[in-house]
Amino acid sequence: MQNDIRIFFTKTGMAKYISHLDLMRCMTRAVKRAQLPLWFTEGYNPHLFMTFARPLSLGQESLCESVDVRLVGEMTFKEIKTRLNAALPADITVLSAAKPVHKPSEIAYADYEIRLFSQNPTELLAAIEQSMAKPALLVQKKAKQGRRKIEKEIDIKPNISAFHAQAEEACVTLALRLTAGDCNNINPALLLEALCRDFSGEIQNTDILKKRLLLENGEVFC
Amino acid sequence: MLSKTQERLLKNVQKPARYTGGELNSVIKDKDAVKLRYAFCFPDSYEIGMSHLGMKILYSLINARADAWCERVFAPWPDMESEMRKAGVPLYALESGDDLRKFDMIGFTLQYELSYSNVLNMLDLAGLPLRSRDRTELTPIVVAGGPCVCNPEPLADFIDLFQLGEGEEATNELLDLLIECKEKGATKAEFLRAAAQIEGVYVPAFYDVTYHDDGTIAAVTPKEGAPARVTKRIISDLNAVYYPENFVVPFIEIVHDRAVAEVFRGCIRGCRFCQAGFIYRPVREKSANTVNRQAQCLCDTTGYDEVSLCSLSTSDYSQVEQLIPQMLEWAIPQRVNVALPSLRVDNFSDELMEELKKVRRSGLTFAPEAGSQRLRDAINKNVTEEEVLRTCAQAFRGGWTAVKLYFMMGLPTETLDDIAAIAQLAQKVVNAFYQNPDKPKGKGVTVSISVASFVPKPFTPFQWEPQATMESLAEKQKVLLENVHTRKIQVSYHQPQTSFLEGVFARGDRRLCDVLEKAWSLGCKFDGWDEHFRFDSWMEAFHACGIDPGFYANRRRDFSEILPWDHLDYGIRRAFLEEENRKAHQSVTTPNCREKCAACGAAKLNGGRCDAK
């Protein structure tokens, strides 16, 4: 019997410095410690069947991470959540476990909350708004052509589906909706680079928080 | 927890998770609720330090006390160090993010000589004076332990006290003493005087060293009531001694990323080049039940899918036949791989190999150490060519297609014929693969030979021997390559320069303290890493201090000479080592301790008991 479940979790605080590869290892150990009845692949070198919906960039926080695993025995969603939270390090917290509804390939957008810390938020905001007013936002994106790594210049303005910026006491806050998913993914760090290009001051710190994943029709990925 | 200032550094460095802490099973305590804070420092990168079993043991042991909190500190990689220095952030401990000056005791583990420059760099990065005499307050006290402490003299001016031997008991005694001294407001000198009375504690400042005109030591004179000879500590009963129930599980991949179960201490073999084989004596075993219980417990608490048995020679464990099936009983259903490193070619059985294959097949590594039988006899590596070939053939029959063979060059009494014999032995192993009638179709064989440069070490029969010069090692590496005629044999070897520096510090004395500080000031650090090793700066430092490194590395010592570590007692009788040295020059072997006790003297440390008998 195929019993796939999706585990939703947050990755915040110091856990933002855990790379995707390291997170996979960390999860593998956590589900082992939690003694979940999990399915292993049946090949020459059996390993845990585990699929993450989207990778998260190093240095970014998220409230909407998810990983799919396959159960071979019975366990309630609540039990899975409790056991996993006891087995996970601080800063990675399971929110819920549930039957998957959507396919990860249906993900179309991601919402972000970004804080740019600066001595001079008003000036920074002005620079950002000026960039947004331009007809195109050109960035160098790393890509692959066959096995070759190349850099290509693209306009990411069409990838911004919603944008709100405001200056606060020591920072500029941005609320963004960017295209996300397998073929049209935009890393917010790339956009920030383009937005802040004309700012002459120093940005001391950047907090990037992924808040939710959405489908093409605006439904929340679950 | 890191401060915002500390966190800001992370965006510009590689592998930031090295510096964040917060790993599973790391211990957070209330700093106001403990009486003593201990910073356990490993003078190398996070990935190396986190692989070290001794650190895991002592970390958990100290944290098991309610009155103390032990935290971890590693040498920041140069990219992080430069960010820290730029921003004025001192070296901090991973658990609290507090800088090292706030700690009561700073403990370094000295695992290899090439990490000494990192010890100095870490003290400096912490904002502490390098020299012991310049740190006048009671705290932080800087201590050091580990195998290199058997000759701690090149660090004598920097470290307040050294702990000789095993740390499980002595560490607690030292912590008790420091807490007591803090409470009554004692001075650092008072603490050190009392500490010197603890067995196994060596306070270098309490020993005056004088020299002859030829540079050799004239006398080592104790003062302040310190003992004339300091004897190393050992744990008598390994079944009763503290062992961690969990390990800190790193996020990033480290060198040995697995659970580790220690099976015994000491070694029955007596290979004459091997320092570990002598300084960890006498042999003491854990029972199979203890090992099994500890291994299973660690796998449960860490989630690791591999557990490795740890000792100097795992197949010499007398209860290995009972232990392995016991472990596989739970390991197989839990998909945990049992790794057995440090196997010997002479007692590697078919049964053992079959057991190993049950979970996952890993690489096979054997260490003949020398190419010819004569030289293997001289170094007392009691392994014959037939045994090596038989084991390799056995492994090939079992389906392995790659083996790794470890050798050394620059061994005492070695000739160019012995070097050629390394290549010949590797060739015979290749041939053994093709003689196997059931060899897998379409698969070739890879025989990797790794050739290290021999470094004579204290407390071995070769402690009086000259180290081969860099020129002669380079020559021998050339001869070796000329004798390899197939691409099925892959050769790797060490840089002779790093081995030379290791040799200097392994048998050095206090006069090297100045050289070390000078080299550090010239930017030397991470000397064990090829990309950071600066040989020219080291030579400049020796030159600036007027010291000839060859005096320490390449000189033959007379048996009558006072060696810099002669006032330290590791249980091994000096007369025994002298006799072993004579036998080496006659290529006469000594049977292993289980066959016949060689009366090395170490059993006296354990009331005459030795599990090898």
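Labels below follow one simple rule: chain letters A, B, ... track the order of the sequence lines, proteins then strands, and each chain is numbered from 1.
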Residue B:Ser26 versus chain A: region with a heavy atom under 4.5 Å: neither

B:Phe433 ring center within less than 6.0 Å of B:Phe396 ring center: yes

Winner by heavy-atom pair count (cut-off under 4.5 Å) against chain A, out of B:Asn25, B:Thr302, B:Leu2: B:Thr302

Criterion salt bridge (charged side-chain N to carboxylate O under 4.0 Å, His left out) on B:Arg18 and B:Glu47, from CA distance to verdict: CA-CA 8 Å; B:Arg18 282 169 170 168; B:Glu47 291 90 325; 3.0 Å; yes

A:Phe49 six-ring face occupied by A:Arg70 cation (under 6.0 Å, within 45°): yes

Ring-face cation contact, A:Tyr112 with A:Arg177, 6.0 Å cut, 45° max: no

Region of A:Ala15 in contact with chain B, defined by heavy-atom distances below 4.5 Å: neither

Contacting region of A:Leu58 [heavy-atom separation from chain B under 4.5 Å]: side chain

Cation-pi check, B:Arg335 onto A:Phe40 ring (under 6.0 Å, within 45° of axis): yes

Among B:Lys11, B:Glu7, B:Lys15, B:Glu23, residue most engaged with chain A (heavy-atom pairs, under 4.5 Å): B:Glu7

